Amino acid sequence: KNEVEQSPQNLTAQEGEFITINCSYSVGISALHWLQQHPGGGIVSLFMLSSGKKKHGRLIATINIQEKHSSLHITASHPRDSAVYICAGDGGSQGNLIFGKGTKLSVKP
Amino acid sequence: SAVISQKPSRDICQRGTSLTIQCQVDSQVTMMFWYRQQPGQSLTLIATANQGSEATYESGFVIDKFPISRPNLTFSTLTVSNMSPEDSSIYLCSVEGGLNTEAFFGQGTRLTVV
């Protein structure tokens, strides 16, 4: 059974800090998604990675295929970054995503 | 890309009743996924809905409890039947473009059963 593990579960940071969220995944997953979920429940896709590194604004996502590990970095964090960040792998038996438990990020001003 | 309109965004329902959640996609998609997110938990797949065939349910989910319709390539509904407080969750629909492509989600339906 394919699995995705994410850490930390909760993260509190001061505005301006550099933030890292980690994700490990099992063998059957070939692509990793980073998602952002706001309090209302809606989910927005941030990145989809199968190799290397992607950057969008202050967000950077990296993936190490050999180690089956991915990280999401937020530079110069801001209170509006406060949300739940979820990593998900594409190894579901029905073509679905398999989700980590999420990291609840709170950025204090 | 795909834009998904999901409704209702939230509802408070009496136990024993049913609620139907709708998802409308702005483009034709083959597969739609329905997920449940219980409080403090990760998303769990309920079923996959393909147009023209019955939905495929994950272990622990049954058609009588979560009937799904998929009348065309842009629309699907999930019904939560005979609700109990344990059904209080966020329900989300999703489409995924295929192997190694981005996933898109509805806005979620926050269901509270009292």
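Note that these values count all heavy atoms, side chains included, but never hydrogens, waters or copies made by symmetry. Nothing here was measured: the structure is a model prediction, and the numbers come from that model.
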Novice: Give me the atom names and distance for the closest heavy-atom approach of B/Ser42 to A/Gly100.
Specialist: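 B/Ser42 and A/Gly100 have their closest heavy atoms at CB-O, 3.1 Å.
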Novice: Between A/Met48 and A/Val44, is there a shared hydrophobic cluster once you connect ILVMFWY residues whose side-chain heavy atoms come closer than 4.5 Å?
Specialist: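 In one cluster with A/Met48: A/Val44, no.
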Novice: Please answer: with hydrophobic residues joined when any side-chain heavy atoms are less than 4.5 Å apart, are A/Phe47 and A/Tyr85 in the same cluster?
Specialist: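 Linked, A/Phe47 and A/Tyr85 end up in one cluster.
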Novice: About how many Å separate CG of A/Asn96 and OG1 of B/Thr44, when rounded to the nearest 0.5 Å?
Specialist: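 It comes to 10.5 Å.
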Novice: Does any heavy atom of chain B fall under 4.5 Å from the side chain of A/Ile43, the backbone, both, or neither of them?
Specialist: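 For A/Ile43, the contact with chain B is made by backbone and side chain together.
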Novice: Considering non-hydrogen atoms only, spot the tightest contact between A/Ser45 and B/Ala103 and give its length.
Specialist: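 Looking at all heavy atoms of both residues, the shortest contact is CB-O, 3.4 Å.
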Novice: Against chain A, label B/Leu92 side chain, backbone, both or neither, depending on which of its atoms sit under 4.5 Å from a heavy atom there.
Specialist: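 The side chain, not the backbone.
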Novice: Is chain B contacted by the side chain of A/Gln37, its backbone, both, or neither, given a heavy-atom distance below 4.5 Å?
Specialist: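 The side chain, not the backbone.
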Novice: Would you give the length of the straight line joining atom CD of A/Gln36 to atom CZ of B/Phe105, rounded to the nearest 0.5 angstrom?
Specialist: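 Output value for this atom pair is 12.5 Å.
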Novice: So with a 6.0 Å cut-off around CD of A/Gln9, is the heavy-atom count from everything else above 12?
Specialist: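 At most 12 heavy atoms, drawn from other residues, nucleotides or ligands, come within 6.0 Å of this atom.
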Novice: Indicate yes or no: at least one non-hydrogen side-chain atom of B/Tyr35 is less than 4.5 angstrom from one of A/Leu97.
Specialist: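 Sidechains of A/Leu97 and B/Tyr35: in contact.
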Novice: Given a strict heavy-atom distance threshold of 4.5 Å, which part of A/Leu35 is in contact with chain B: side chain, backbone, both, or neither?
Specialist: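 Just its side chain gets close to chain B.
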Novice: Name the region of B/Glu58, side chain, backbone, both or neither, that has any atom closer than 4.5 Å to a heavy atom of chain A.
Specialist: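 Both parts, heavy atoms under 4.5 Å.
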Novice: Does a sphere of radius 6.0 Å around NZ in B/Lys65 hold more than 12 heavy atoms from other residues, nucleotides or ligands, not counting ones at 6.0 Å or beyond?
Specialist: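 Above 12, so yes.
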